[in-house]
Number of protein chains: 2
Amino acid sequence: MQDNLTLRKWYLIEKRMLKDIIENNENYQPGLSIDCVIFGFHDNQLKVLLIKIPNREMWSLPGGFIPVDQDIDVAAVTVLNERTGVEGIFLRQFATFGKVKRNDQHFDKKILEYLKIEEEKGKWLMRRFVTIGYYALVDFLKTIPKPANKDEVIEWIDHKEVPELILDHKEILDKALDTLRMELNLMPVGYNLLPEKFTIPELQKLYETILDKKLDRRNFLRKITNIGILTKLDEKKSNVAHKAPNLYTFDKEKYDEVLKNGLNQGW
Amino acid sequence: MQDNLTLRKWYLIEKRMLKDIIENNENYQPGLSIDCVIFGFHDNQLKVLLIKIPNREMWSLPGGFIPVDQDIDVAAVTVLNERTGVEGIFLRQFATFGKVKRNDQHFDKKILEYLKIEEEKGKWLMRRFVTIGYYALVDFLKTIPKPANKDEVIEWIDHKEVPELILDHKEILDKALDTLRMELNLMPVGYNLLPEKFTIPELQKLYETILDKKLDRRNFLRKITNIGILTKLDEKKSNVAHKAPNLYTFDKEKYDEVLKNGLNQGW
DNA sequence: TTATTAATGTGTTATTATGACGCAATGTAC
DNA sequence: GTACATTGCGTCATAATAACACATTAATAA
């Protein structure tokens with residue numbers, strides 16, 4: 001357990017970069033970090049992009065620090081790109097986490113020794129950190145994570161089988177999923193999570209997976225088509241068991257319009 | 001204009017306290033602040049609690065800094081209490097603002113001289129700040145703001161007549177209102193904003209004011225009563241022009257239940 | 001080859017929610 | 001009393017929702 005504490009915020013960043021940041025810490029916002037929750041969808045599973053801490057059984061969200069001359073929204077994109085190679089996606093800020101307890105106060109000198117950083121400079125990392133959470137929905141197939149170095153392991157992990165995460169990352173992930181579930185009622189979802197051509201049952205599985213509940217096939221079809229964001233193709237999915245389902249695409253123009261105006265305005 | 005820049009983050013806090021914080025800045029989270037958007041309702045107007053910068057025509061949201069040993073949610077409550085005397089209210093975090101441009105980089109030495117703070121220590125305030133936004137709905141009549149000292153002016157201001165605010169506070173206020181409008185579709189609102197006993201037209205005015213649009217009287221009544229959070233009293237409002245409207249109270253138990261479960265779950 | 005099976009596609013019905021109104025009742029001002 | 005603004009209660013057509021029936025399709029097992 002002490003070993004886990006030892007690592008503290010090391011997870012945040014690749015070793016070489018971490019050393020660099022600590023030694024030039026005047027260029028970064030102190031005590032403030034960013035963590036990203038990246039959702040993908042594959043094999044009827046909602047996946048989350050996680051980074052494994054070298055040689056440990058602990059995983060973490062991809063995160064990093066904020067250059068003093070970068071907007072936080074920009075920094076979030078930068079951070080994600082540096083950690084995972086993922087680029088060009090829209091990150092949405094959903095919450096900021098700032099419990100005192102989320103920081104354990106036992107950052108070990110061993111790490112600083114290992115990184116050959118003098119204690120004075122290492123203090124930068126030892127202080128209390130507040131973290132800003134961002135999430136995104138990405139195309140699983142187009143998003144191939146690239147580890148920053150050979151020691152790092154980045155993987156898509158089924159959100160139902162997420163292993164133990166460091167610090168409060170589980171809480172951050174859960175909050176991101178809660179936010180996503182809320183958004184589902186306010187805007188269409190799927191454009192980034194499904195391939196170009198998809199079937200209604202696939203789209204329904206996505207909704208069911210996110211909401212973690214079963215929906216009625218027929219009612220779902222009616223509701224989703226009534227939104228007017230789908231284009232039915234004259235093409236069926238091939239190589240499937242049973243009846244071949246029809247293929248659809250999103251009508252991007254209408255999709256964006258609904259994204260902008262929202263689904264149901266309530267009052 | 002230069003004069004406004006001069007003030008920079010002074011607004012955040014009362015003069016004596018500011019000096020105290022700067023001189024003991026190791027006890028505060030650097031580069032991170034909290035700003036509160038406090039909504040009240042009175043005279044059919046949505047009011048916002050604002051603080052006037054001494055001798056200036058610039059106003060600001062009540063804000064402050066985060067002690068390193070306080071959770072941010074706790075710090076928000078503390079900050080609000082210190083600035084306004086308001087206590088015991090539920091603050092909801094809604095967004096974090098971190099554009100680089102939100103900080104002007106011209107904090108003037110004059111302020112530091114005025115506060116008799118050495119330049120080295122004053123640098124703490126000169127760095128880039130990210131701010132976490134919180135908002136709350138409070139009972140206008142029970143919430144009487146108390147300035148921290150005689151130089152400070154704190155006032156309830158109609159949100160339609162908000163004057164120029166410092167930095168990006170207008171943006172923060174707008175975002176808070178947007179969030180409130182969203183929440184209106186997800187949960188009941190009014191418990192903290194209306195007096196113990198109120199009329200349906202009053203409640204409707206509240207909704208109309210927040211949403212900034214007219215609602216149909218009759219449909220509103222039906223919809224709001226169907227939620228099941230209102231108790232009709234055997235009592236009418238007195239001293240009113242025209243027909244005396246009936247009085248209602250919130251059924252707190254059911255209100256809280258709906259708060260917890262949400263209004264309409266969509267899918 | 002045919003029957004079976006497990007999906008998909010399409011439709012029906014009852015119920016409920018919504019939006020747009022009509023009209024009587026009430027209390028104040030004149 | 002009369003005019004008037006506002007409240008209380010109700011109607012009606014339409015839309016949205018939930019629950020369910022049945023035909024269609026394509027792979028597979030007999």
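Letters A, B, ... mirror the listed sequences (proteins, then strands); counts begin at 1. The figures here come from the full heavy-atom set of this structure, side chains too, leaving out hydrogens, waters and symmetry mates.
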Rounded to whole Å, please give me the gap between [atom1] in [X] and [atom2] in [N].
{"X": "A/Lys243", "N": "C/dT4", "atom1": "NZ", "atom2": "C1'", "answer": "17 Å"}
{"X": "A/Ile200", "N": "C/dA7", "atom1": "CD1", "atom2": "P", "answer": "18 Å"}
{"X": "A/Gln204", "N": "C/dG9", "atom1": "CD", "atom2": "C1'", "answer": "13 Å"}
{"X": "B/Leu215", "N": "C/dA20", "atom1": "CG", "atom2": "C1'", "answer": "14 Å"}
{"X": "A/Lys214", "N": "C/dA7", "atom1": "NZ", "atom2": "C1'", "answer": "13 Å"}

**OP:** Over 60° means perpendicular and under 30° means parallel, so classify the ring planes of A/Tyr191 and A/Tyr255, tilted if in between.
**Re:**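 It falls in the tilted class, 30° to 60°.
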
**OP:** Classify the ring geometry between A/Trp156 and A/Phe140 as parallel (under 30°), tilted (30 to 60°) or perpendicular (over 60°).
**Re:**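 Rings of A/Trp156 and A/Phe140: tilted, as their planes differ by 30° to 60°.
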
**OP:** Report which part of the nucleic acid B/Asn246 touches: base, sugar-phosphate, or nothing (heavy-atom distance under 4.0 Å, all strands).
**Re:**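 Answer is sugar-phosphate: B/Asn246 comes under 4.0 Å of backbone atoms only.
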
**OP:** Using a 4.0 Å heavy-atom cut-off across all strands, classify B/Lys237 as base, sugar-phosphate, or nothing.
**Re:**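 Answer is nothing: B/Lys237 stays at 4.0 Å or more from every strand.
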
Subject >> CD-CG distance between A/Glu183 and A/Leu263, expressed to the nearest 0.5 angstrom >> reply: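 Those atoms lie 11.0 Å apart.
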
Subject >> Closest nucleotide among C/dT10, C/dG19, C/dT8 to the A/Arg218 side chain >> reply: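 Looking only at heavy atoms from C-beta outward on A/Arg218, the closest nucleotide is C/dT10.
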
Original post:
Mapping A/Leu247 and B/Lys223 to their closest nucleotides on DNA chain C, which lands nearer the 5' end?
Top reply: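 Looking at the nearest nucleotide for each, A/Leu247 comes out on the 5' side.
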
Original post:
Taking the six-membered ring of B/Phe94, is the NZ or CZ of B/Lys175 close enough (under 6.0 Å from the centre) and on axis enough (within 45°)?
Top reply: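 No, B/Lys175 does not sit over the ring of B/Phe94.
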
**OP:** Indicate whether OP1 or OP2 belonging to C/dT8 is found under 4.0 Å from a side-chain N or O atom of A/Lys232.
**Re:**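 A/Lys232 to C/dT8 OP1/OP2: no side-chain N or O under 4.0 Å.
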
Original post:
Below 3.5 Å, does any donor atom in the side chain of B/Asn226 face an acceptor in the base of C/dA17, or the other way round?
Top reply: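 Such a pair does not exist between side chain and base.
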
**OP:** Between B/Asn219 and B/Trp267, name the one whose nearest nucleotide on DNA chain D is closer to the 5' end.
**Re:**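 With B/Asn219 and B/Trp267 compared, the 5'-side residue is B/Asn219.
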
Original post:
Hey, where on DNA chain D does chain B first and last touch, going 5' to 3'? Cut-off is any atom under 4.0 Å from a heavy atom.
Top reply: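 Going 5' to 3' along DNA chain D, contacts run D/dA5 to D/dT11.
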
